[in-house]
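Step one of this worksheet: look at the structure below.
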2 protein chains.
Amino acid sequence: MTISPSPAPPQPIRMGDAYDPDCPTRQVLDRIGDKWAVLVLLTLTDGPVRFNDLRRRIGAISQKMLSQTLKSLERDGLVSRAAFATVPVTVEYALTPLAGGLIGILDQIARWAEHHVGDIMASRRAHDGNAPLPA
Amino acid sequence: MTISPSPAPPQPIRMGDAYDPDCPTRQVLDRIGDKWAVLVLLTLTDGPVRFNDLRRRIGAISQKMLSQTLKSLERDGLVSRAAFATVPVTVEYALTPLAGGLIGILDQIARWAEHHVGDIMASRRAHDGNAPLPA
DNA sequence: CCGTATCCGCATGGATACTG
DNA sequence: CAGTATCCATGCGGATACGG
């Protein structure tokens, strides 16, 4: 998608000719589009949470996905990991300040969604008309 | 993820216990996370564009994906389709007013991305340390 | 020109089992 | 408790060919 690199021009969004995986906006978009990453981020907004606790709170996530998601979030500097040498080891994950901005965006999305999802749903029903029965 | 249904409470975002595919925010998140949908939307910001023109402008998209993406966007009421019975048939796709809000959100994301992607990249480099050479 | 239909490789992600 | 490793089903998405 390729957004203008540094200065903010009059036009809201500029794009190049083709798909660019290295585009800054693409990176963020991919993060936001990541189902589990968003859930993890949201679950951490109340403060630090331990691995299995996180797992239980999210419920429908597998160990593999949670571990994988946390690692990538940590790599991106959005989540911090703190290990304590207790009897059974204790590990706490928390949001970094950088993640705050992302939460803010998610908040924007949530607000827009609540206002307009009704329109989208209505459009879907209208579009599907009345012949959805496949059997 | 399950955002609070109607009233906006003090907390920015509330969530239930588990993953909910029917959550309004989830729907929007999925759209935004959709690589091609975003590109198509952005490409249409300058006005109506025809199918193959769209294809050429985006470049790295297949017919299948473009067709599929346009259909789902139309179904959601984000894109409108107008067919003209010219000699070889002409079809123009355009953004609907509803899509304007989504573009606004994309703009927010783009702005945040440009400001903070540097931090993310730096974090990645720091995390990867210095042993990336795979060969 | 505007699509739809089919085939198929490849990555995503769940389930399970095992380790520090 | 906090993960890692492996196996495997599913589906996304590209390439290709054909129809309106």
Side-chain angles (χ1 to χ4, degrees), chain A residues 1 18-21 26-27 29-41 43-44 48-76 79-94 127-128 131 134, chain B residues 1 18-21 26-27 29-41 43-44 48-76 79-94 127 134:
Chain A
M1 85 188 281
Y19 171 71
D20 177 11
R26 172 93 276 133
Q27 313 271 344
L29 243 23
D30 286 347
R31 268 263 157 266
I32 286 177
D34 184 336
K35 176 178 155 180
W36 297 126
V38 171
L39 266 309
V40 168
L41 252 20
T43 307
L44 290 176
V49 184
R50 289 179 304 137
F51 190 87
N52 281 328
D53 209 353
L54 213 38
R55 191 156 142 59
R56 272 185 295 270
R57 291 213 215 174
I58 297 179
I61 191 173
S62 63
Q63 283 184 338
K64 180 185 176 180
M65 279 301 100
L66 180 54
S67 172
Q68 198 169 296
T69 301
L70 285 170
K71 272 207 276 190
S72 69
L73 286 173
E74 196 195 351
R75 188 173 106 100
D76 285 1
V79 160
S80 61
R81 195 190 108 118
F84 304 96
T86 49
V87 189
V89 63
T90 300
V91 180
E92 281 189 347
Y93 290 92
H127 183 273
D128 294 349
Chain B
M1 86 186 281
Y19 170 72
D20 177 10
R26 171 93 277 134
Q27 313 272 342
L29 243 21
D30 286 346
R31 268 265 157 262
I32 287 177
D34 184 336
K35 176 177 155 180
W36 297 127
V38 171
L39 266 308
V40 168
L41 252 19
T43 307
L44 290 176
V49 184
R50 289 180 305 136
F51 189 87
N52 281 329
D53 209 354
L54 213 37
R55 189 155 144 60
R56 270 183 296 270
R57 291 213 214 174
I58 297 180
I61 191 173
S62 63
Q63 282 185 337
K64 180 187 177 180
M65 279 300 99
L66 180 55
S67 172
Q68 197 170 296
T69 301
L70 285 170
K71 271 207 276 190
S72 68
L73 287 173
E74 195 194 352
R75 188 173 106 101
D76 285 1
V79 160
S80 62
R81 194 189 108 117
F84 304 96
T86 49
V87 189
V89 63
T90 300
V91 180
E92 280 190 346
Y93 291 92
H127 183 274

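The basis for the numbers below is simple: all heavy atoms, side chains too, and nothing from hydrogens, waters or symmetry mates. The model shown is predicted, which means the values in this text are computed figures rather than measured ones. Letters go in sequence order (proteins before strands), and every chain restarts at 1.
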Measure from [atom1] on [X] to [atom2] on [N] and round the result to the nearest Å.
X: E74(A); N: dA2(D); atom1: CD; atom2: C1'; answer: 13 Å
X: L66(B); N: dG14(D); atom1: CG; atom2: P; answer: 11 Å
X: N52(B); N: dC1(C); atom1: CG; atom2: P; answer: 5 Å
X: L54(B); N: dC2(C); atom1: CG; atom2: C1'; answer: 12 Å
X: R50(B); N: dC1(C); atom1: CZ; atom2: P; answer: 7 Å
X: R55(B); N: dA15(D); atom1: CZ; atom2: C1'; answer: 11 Å
X: D30(B); N: dG11(D); atom1: CG; atom2: C1'; answer: 15 Å
X: K71(B); N: dC2(C); atom1: NZ; atom2: P; answer: 16 Å

Which pair of heavy atoms, one from Y93(B) and one from L44(B), lies closest together, and at what distance?
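Nearest pair, atom of Y93(B) first, then L44(B): O-CD2, 3.4 Å.
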
Looking at F51(A) and L66(A), what are the two nearest heavy atoms and their distance?
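The pair with the smallest heavy-atom distance is O-CD2, 3.6 Å.
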
Any side-chain heavy-atom pair of [X] and [Y] under 4.5 Å:
X: D20(A); Y: R26(A); value: no
X: R50(B); Y: T90(B); value: yes
X: H127(B); Y: D76(A); value: no

Y93(B) side chain near dG3(C) phosphate (N/O to OP1/OP2, under 4.0 Å):
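Affirmative; the distance criterion is met.
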
If only side-chain N and O atoms of S67(B) are considered, is one of them under 4.0 Å from the OP1 or OP2 phosphate oxygen of dC2(C)?
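For dC2(C), OP1/OP2 do not have a side-chain N/O of S67(B) under 4.0 Å.
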
Would the base of dA5(D) count as contacting Q63(A) through its side chain, where contact means a donor and an acceptor less than 3.5 Å apart?
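Such a pair does not exist between side chain and base.
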
For DNA chain C, the dot-bracket notation using Watson-Crick and G-U wobble pairs below 3.5 Å, [ ] for pseudoknot-type crossings and | for other-strand pairs, is |.||||||||||||||||||

Main chain of Q63(B), side chain of S67(B): is a donor-acceptor contact present, judged purely on distance under 3.5 Å?
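Such a contact is absent between S67(B) side chain and Q63(B) backbone.
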
Just by modelled atom types, is the L39(B) backbone N or O under 3.5 Å from a matching donor or acceptor in the T43(B) side chain?
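Here the side-chain-to-backbone pair exists.
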
Which nucleotide sits closest to the side chain of T90(A): dT4(C), dA2(D), dC1(C)?
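Side chain of T90(A) sits closest to dA2(D).
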
Pick the nucleotide of DNA chain D nearest each of I61(B) and L70(A); which residue has the one closer to the 5' end?
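Whichever sits nearer the 5' end wins; that is L70(A).
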
Check this for me: does any side-chain nitrogen of one of D30(A) and K35(B) sit under 4.0 Å from a carboxylate oxygen of the other?
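Between K35(B) and D30(A) there is no salt bridge, as every charged N stays at least 4.0 Å from the carboxylate O atoms.
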
Readout for nucleotides 6-13 of chain C: B = base within 4.0 Å of protein heavy atom, S = sugar-phosphate only, - = neither; 5' to 3' it is -B-----B

